[in-house]
Every structure is written in structure tokens, then in C-alpha cells.
Amino acid sequence: MKTESLVWLGISLIILFLVWRTVEPLISPIIFSLAIAYIFHPFHMRLSQKFGNKKSAVMLTAMMALLAGILLIGAALWLRDVLNYLYVYIGDFFNWLLGVNLPFGIGESLHALSKTIPEKLGDILLGYTFSLPKFLLQAIVFLALFYAILTNSEFLSMEVYRLLPRENRELGIHLVERAKITLNAILRTWLMLSVLKGIFLTVGFVLFEITTVSGAIAAGILCIVLELLPVIGGWILWAIGAAYLIKTGNIALGVLFAVYGAVFISPIPDITIRPKLVAEGAKVSSVVALVGIFGGIMSFGIKGVIIGPVALGLLVTLLEEWKEQEKETLSKEPTQPSKARHSKAA
């Protein structure tokens, strides 16, 4: 019996190894399809009530296909220029940040990041520059998985609860619910708002003719990264754009762009929209933001933008649940009378 178990264990490990080798080249579109399908799931549920499950999934997938086509065209036309602008923007940003007297060795850490992040970003973008067919293949896989996840969302949600162990099932359910709150805060609020702000900044830079299309795209990408960081945000970029317009003599356009930035980038969306999207108790820690984003990018590449903060957010959830369980266990334990009290009574 033991020999048979070992044989089946070996077979299972071989199958898992082959599966991993098969999906490893496509892990990025798999992760992004899961994340974006989770973000769009509430919209899918609303559309399903009007048009049905499959029609809703087809509509959302068609929208994502249009965006993927735009990205593919943009990669073919502007990616190299965007890369050059990103090097300049990130270099200027880190030079400005390093000029501020930061305490507790933060300056040394930022100096190391100023060398690592541009190199890593360059490797990622150059990889797509010289391999557009690979990008197209990943886009096809992404769209197929995105559609499959939306059409089977209810089944997948039920399967998550069915896989929970029978022992301590209530703890497992509570943990899943807390994980959902964390994912909502990180994906549906944090990442989604950051991406929308980056799009608005790109459109604003183009409409107000602050820079070229490539420069505007690079500014939008940098805006997304800055919005994911604590304290620092996309307001820095629209402030720089407004200052540039005013300095070049376009005072009216500079003031108008400042209003545009305040309304569509920050701080007004942070005051009006963000609180409605973030559930109570699901605030994203500054440490989780900083370590998750930069650590994720350096470890996993572009997919680390999602893996890093989500993994750290779920770890924080696990630790909080563990502490809550410890408190409940201690509160249920009967208090034992001390020996001193017994001797006094005697």
C-alpha cells in the first residue's frame, strides 16, 4: 500500500511539473486575466441581468479585445520612444527625490531603486519591442481566459468554498471573506483607480500638447506607479505639466490643465470616489504598497505589479485572522484561581 501511494505521488508530481512547464510562458496573461476579470465581475453581473451571462461576457471581452488591439498598435508605433521617455522621467523623478533629505537610510534604498527599476523596466519593454508576436499570443490567451472566467464565475466561486476543509470550516469561510475585502481594496480600488488616472493624465498631456504621444504614454505609466505609492501621487505630474505651460507663456492653458488634473487625477477622485469603493477595514498599508510594487516588479517583472501587493495583502489578512483566533481562544479559556488565593482562603 505504501509503495502504491509513493507511485501515485510520483505520477502526480510529474503531472504537476509538466503542467507548470506548459503554463509558465503564459503565466503573465493568466495572472492579468484573473485580476481584471475579478475587477470587472460586478459590471458583468449587472450586464448579465439585462443581456444574459454569455452576452455580457462577450461584450466585456470585445471591449478588452479593443483595448488589446490599441495596446498592440501602440507597442508597434511608440514603444521605443516611450521607453526613452520613461528613462528620462524616472531618472528625473529619482534625482528630485534623492535631493530631499530623507531619514533612516531611505535615501540609500531609493538610490538602489533608481538603478534597478529603470533596468528592469527596460528589460520588460524591450522584450515586447522585439517580440510583438509573443505579445499577440499572450493577448489571445488573456482574452480567452477572461471570457472563460466571466462565464464560469459563479461555478468558480462555489468551488472555492467547496475546497475548504471540513475542520475549522468557519475559519476558512471567514478567511475567504476577508481575502475578498483585501482583493477589492487592492484590485478594484487601488489598481483600477491608478490605471484610470494614468489614462486621464495621458489624454491630458496629448490634448494640452504638453509633450508627444510617446511622452504622454510614458507620463501615464509613471502616473500609475506614483499613484500606487504612499504620499506621492499623480498630482506631481499634472503639477509639472501645468508649471510647464505657465512657464512657456500659456497661463490660461496651465490653469485649465491644473483644474483638469485636480478633477480627474488628484485629489478630488481620492476624496469622492475612493472612499466609496474601499470597504471599511480594507485600507492598503503604505508598507504593503511600497514593498509590494517594487519588490513584485524586481522579482516577477510586470506581473509583479499584481502579485506583489496582492500576496502581501493576503499575508496581512492571514496574520490578522490568526491574531483574532488567538484572542477568541484566550477569551474562551477558563480562568484558573491562583495558589495564593487558595492558601489565603484556607
Side-chain angles (χ1 to χ4, degrees), residues 67 70-71 73-75 77-103 106-107 110-111 113-115 117-118 121-122 125 189-277 286 289-290 293-294 305:
L67 291 175
I70 294 172
L71 286 175
I73 295 171
L77 295 177
W78 300 306
L79 195 53
R80 291 189 182 183
D81 289 337
V82 169
L83 178 59
N84 292 330
Y85 276 104
L86 268 177
Y87 273 126
V88 173
Y89 291 165
I90 292 175
D92 291 343
F93 169 72
F94 275 111
N95 288 334
W96 168 77
L97 203 58
L98 290 170
V100 181
N101 294 324
L102 298 172
I106 297 177
L110 288 174
H111 181 72
L113 286 174
S114 68
K115 303 296 182 183
I117 293 297
L121 190 60
L125 294 177
T189 301
W190 208 39
L191 286 174
M192 185 173 70
L193 275 182
S194 299
V195 171
L196 288 175
K197 288 180 179 183
I199 293 172
F200 277 119
L201 185 78
T202 300
V203 172
F205 268 44
V206 172
L207 290 178
F208 286 84
E209 298 182 351
I210 296 173
T211 183
T212 62
V213 174
S214 301
I217 295 172
I221 294 172
L222 186 57
C223 177
I224 294 171
V225 175
L226 294 181
E227 279 293 328
L228 297 176
L229 299 179
V231 183
I232 303 168
W235 64 268
I236 294 176
L237 294 173
W238 71 249
I240 292 172
Y244 168 78
L245 290 172
I246 293 172
K247 187 178 179 180
T248 55
N250 299 313
I251 298 175
L253 283 178
V255 173
L256 188 61
F257 183 69
V259 174
Y260 173 90
V263 172
F264 293 104
I265 301 166
S266 63
I268 291 179
D270 298 318
I271 298 171
T272 58
I273 300 175
R274 192 183 295 271
K276 295 179 181 180
L277 295 177
S286 299
L290 191 64
I293 291 296
F294 285 127
V305 173

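For the numbers below, each heavy atom of this structure counts, side chains included, while hydrogens, waters and symmetry mates do not. Because the structure is predicted, anything quoted here is derived from the model rather than measured.
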Minimum heavy-atom separation for Val206 to Val213, with atom names?
CG2-CA, 4.4 Å

Might you point out which heavy atoms bring Ala258 and Ala242 nearest each other, and give the distance in Å?
CB-CB, 4.0 Å

Nearest 0.5 Å, please: how far is [atom2] in [Y] from [atom1] in [X]?
X	Y	atom1	atom2	answer
Leu196	Ile224	CG	CD1	9.0 Å
Ile221	Leu201	CD1	CG	11.0 Å
Leu222	Ile236	CG	CD1	9.0 Å
Glu209	Asn250	CD	CG	9.0 Å
Ile265	Ile199	CD1	CD1	11.5 Å

Are the side chains of [Y] and [X] in contact, using a 4.5 Å heavy-atom criterion?
X	Y	result
Trp235	Asp270	no
Trp238	Cys223	no
Tyr260	Leu256	no

More than 12 heavy atoms of other groups within 6.0 Å of Ile251 CD1:
no

Using the ring-ring contact (aromatic ring centres under 6.0 Å, His included) rule, pick out the option among Phe208, Phe257, Phe264 that qualifies with Phe200.
Phe264

Suppose the criterion is salt bridge (charged side-chain N to carboxylate O under 4.0 Å, His left out): which pairs have a residue in residues 233-244, not counting sequence neighbours?
none

So, the side chain of Thr211 versus the backbone of Ala216: is there a donor-acceptor pair under 3.5 Å, distance only?
no

